[in-house]
Amino acid sequence: MRVRSEFDGDRIERNLPTDIENDINRFELDCSMCGRMQFVDQSTFDTYRRAIEEDLDNRFVCLDCESEFDELAFA
């Protein structure tokens with residue numbers, strides 16, 4: 001017998017941005033396209049913070065804008 005976590009051990013868990021703050025998503029980032037504030041986890045925040053500090057460009061895009069951009073790209 002094997003537990004479910006052994007089967008899914010190689011799957012990457014992706015923590016998605018949320019509109020409200022929770023225990024995991026405690027850090028604020030503004031979407032570079034719509035300006036809406038999103039809450040993200042520590043690792044996501046650190047990644048975008050470093051990118052913003054290096055070239056002063058906010059590249060964070062919320063899920064809504066990302067899906068809208070994808071739809072327009074393939075239309």
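What you are looking at is a predicted structure, and each value in this text was computed from that prediction instead of being measured. Position 1 is the first residue of the sequence, and the numbers go up from there.
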Verdict with reasoning, Glu28 to Phe45, per side chain to side chain contact (heavy atoms under 4.5 Å, CB included): CA-CA 8 Å; Glu28 298 177 10; Phe45 180 76; over 6 Å; no
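- Ile52 has its side chain out of reach of Phe60: every pair of non-hydrogen atoms, C-beta onward, lies at least 4.5 Å apart.
- Distance check: Tyr48 OH to Thr44 OG1 gives 7.5 Å after rounding to the nearest 0.5 Å.
- Partners of Thr18 under the side-chain contact (heavy atoms from CB on, under 4.5 Å) rule, at least two apart in sequence or in another chain, are Asn22, Asn25, Phe39.
- A salt bridge is defined here as a Lys NZ or Arg NE, NH1 or NH2 lying under 4.0 Å from an Asp or Glu carboxylate O, and Arg49 with Glu53 meets this definition.
- Between the CD atom of Gln38 and the SG atom of Cys31 there is a distance of 7.5 Å, given to the nearest 0.5 Å.
- Contacts of Gln42 classified as side-chain hydrogen bond (donor to acceptor under 3.5 Å, both in side chains), with partners at least two apart in sequence or in another chain: Asp46.
- Taking 4.5 Å as the limit, some side-chain heavy atom of Cys62 sits within range of a side-chain heavy atom of Cys34.
- Here Ile24 is tied to no hydrophobic group at all, with no ILVMFWY side chain closer than 4.5 Å.
- Applying the salt bridge (charged side-chain N to carboxylate O under 4.0 Å, His left out) test to every pair with at least one member in residues 17-26, sequence neighbours left out, gives these pairs: Asp19-Arg36.
- Val61 and Glu66 get closest at one heavy-atom pair: CG1-N, 3.6 Å.
- Annotation: the span from Ser67 atom OG to Leu72 atom CG amounts to 9.5 Å, rounded to 0.5 Å.
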